[in-house]
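Structure record follows, encoded as structure tokens.
Keep in mind that the numbers below use all heavy atoms, side chains included, and drop hydrogens, waters and symmetry copies. As the structure lists them, so they are numbered: ligands from 1, and atoms in each ligand from 1. Predicted model, so just to flag it, every value in this text is computed and none were measured.
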Amino acid sequence: MNAENEELWSDPEETDHGSMVSMAVPESLHNASVLSDEAESEDGGSEDSVLSYNFERDGERFFVQEEGRRYNKLNRLYPLPADGEEWQRLSDLHEVLKLCVGGLYQAPITVDRLLAHAEGEEKHILDCGCGGGEWMIEMARKFPHAKVVGVDLAPGLIWEMMPPNCRVEFDDINKPLRHFRGKFDVVHARSCFLGVDNYEQFLDRMVQCLKPGGIVLVVESPLRLTVPEDLAINGGNLEAQVIQMFQWAEDAIEGNGSDVRAIDNLQGLVEEHPLLENKESFVATVPVGRWGGEHIGGLMQENFVKLVHALGPVLLRAGYPAPMVDQWMASVEGALRSPWARFTSRWTYCCASRVLDAEADEDDGEEGE
Ligand SMILES: C[S@@+](CC[C@H](N)C(=O)[O-])C[C@H]1O[C@@H](n2cnc3c(N)ncnc32)[C@H](O)[C@@H]1O
């Protein structure tokens with residue numbers, strides 16, 4: 001059943017194969033692993049992936065520096081930076097997105113039941129595209145008996161903050177994730193669509209990673225901002241340039257191979273998946289600008305200003321001339337900061353359970369990872 005509930009937010013209340021463990025790294029770094037193309041271990045990780053990650057030593061292998069920002073090297077389909085500034089943006093966004101759903105996840109009764117401590121049972125959580133890791137770290141703290149694994153092209157974790165029941169793998173979620181099949185009680189993906197080449201297939205792979213009865217939680221939002229028609233200024237002139245620039249950026253990212261449009265029908269994808277049941281979704285419309293309150297609206301305004309700057313290189317790579325891009329970015333930033341503008345961002349939250357009698361699909365015809 002699809003319980004759609006749309007509301008306007010205005011009140012804040014509401015490898016290479018490095019198989020050697022470096023002796024020089026602190027123990028906390030031993031939570032990071034790099035997936036190789038080869039063997040898998042019993043706990044689902046690659047044997048070669050039992051590798052500690054040391055930024056000083058390994059940073060060059062996973063990151064590339066361009067135009068003053070740092071990017072992941074594993075898959076350049078994902079266009080946004082992987083650096084301190086971006087992770088701060090994600091951290092602020094995390095706070096807002098928790099408010100949208102009243103916590104870390106929707107369907108709290110089901111999730112809490114699935115993850116409750118039970119004698120003799122291991123609980124497992126997977127976070128696809130974990131980014132700065134806030135969600136997975138908070139989940140690991142909330143469920144200390146559960147094992148949490150995050151996968152990202154370039155995880156931006158503050159290693160010292162990683163709880164002992166948390167680890168990350170450097171990997172591409174466009175791969176089959178075969179080593180994770182049937183292992184997780186909860187599989188989560190939030191805001192990673194820009195690096196996904198086929199979202200329907202990605203959703204299917206997430207479902208395959210679930211134990212029967214496990215729950216998939218997906219949260220996505222297009223880059224495009226919207227403006228309620230009755231709130232547009234000067235017939236929408238102020239907003240038009242902002243909407244246009246995000247549209248160009250989305251087109252460029254789509255042209256590079258990301259399945260950008262799929263998330264416009266995220267609810268449909270979940271609804272139609274044959275192994276999912278108890279489907280629920282809602283759309284949260286979040287104000288972007290101080291008109292929506294200093295906390296949520298203000299945080300979102302700064303978030304989108306940072307996002308605009310992160311998208312500059314995307315437009316340059318798509319062939320737009322640098323002076324034009326600079327001018328757009330300046331005017332879009334001005335419009336985003338305008339006290340008159342009434343931008344909103346739409347976030348779709350979906351969750352569903354894997355049917356109980358489903359067996360892991362061992363032979364799916366997919367190439368190995
Ligand atoms: C916008 S951030 C969101 C991070 C986190 N999920 C959150 O909500 O804070 C998107 C993250 O997804 C990761 N990502 C995108 N495409 C990916 C892919 N194909 N494989 C692995 N990670 C990917 C990026 O590296 C980035 O860290």
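In terms of protein heavy-atom proximity, atom 2 (S) of ligand 1 is nearest to Tyr78 OH, 3.5 Å. In terms of protein heavy atoms, atom 1 (C) of ligand 1 is closest to Ser191 O, 3.1 Å.
A salt bridge links Lys147 and Glu122; the closest N-O separation between the charged side-chain nitrogens and carboxylate oxygens is under 4.0 Å. Using a cutoff of 4.0 Å between basic side-chain nitrogens and carboxylate oxygens, Arg290 and Glu294 are scored as salt-bridged. Between Arg337 and Glu302, at least one side-chain nitrogen of the basic residue sits less than 4.0 Å from a carboxylate oxygen of the acidic one, meeting the salt-bridge criterion.
Polar contact check, Leu153 against ligand 1: a nitrogen or oxygen pair lies under 3.5 Å apart. For a threshold of 3.5 Å applied to N or O pairs, the pair formed by Asp127 and ligand 1 contains no separation below that value. Checking only distances, Asn75 never comes within under 3.5 Å of ligand 1, N or O to N or O.
Residue Ile173 holds the heavy atom nearest to atom 20 (N) of ligand 1 of all those in Ile173, Asp197, Leu90, Leu194. When the options Gly195, Ala310, Gly129 are ranked by their closest heavy atom to atom 4 (C) of ligand 1, first place goes to Gly129.
A heavy-atom separation below 4.0 Å is found between Asn174 and ligand 1.
For Glu333, the CD atom sits in a packed shell: over 12 heavy atoms of surrounding residues, nucleotides or ligands are nearer than 6.0 Å.
Neither the backbone nor the side chain of Leu77 comes within 4.0 Å of ligand 1, counting heavy atoms alone. Of the heavy atoms in Ala82, none comes closer than 4.0 Å to ligand 1.
With ligand atoms numbered from 1 in the order given, ligand 1 contributes 4 (C), 27 (O) to contacts under 4.0 Å with heavy atoms of Gly131.
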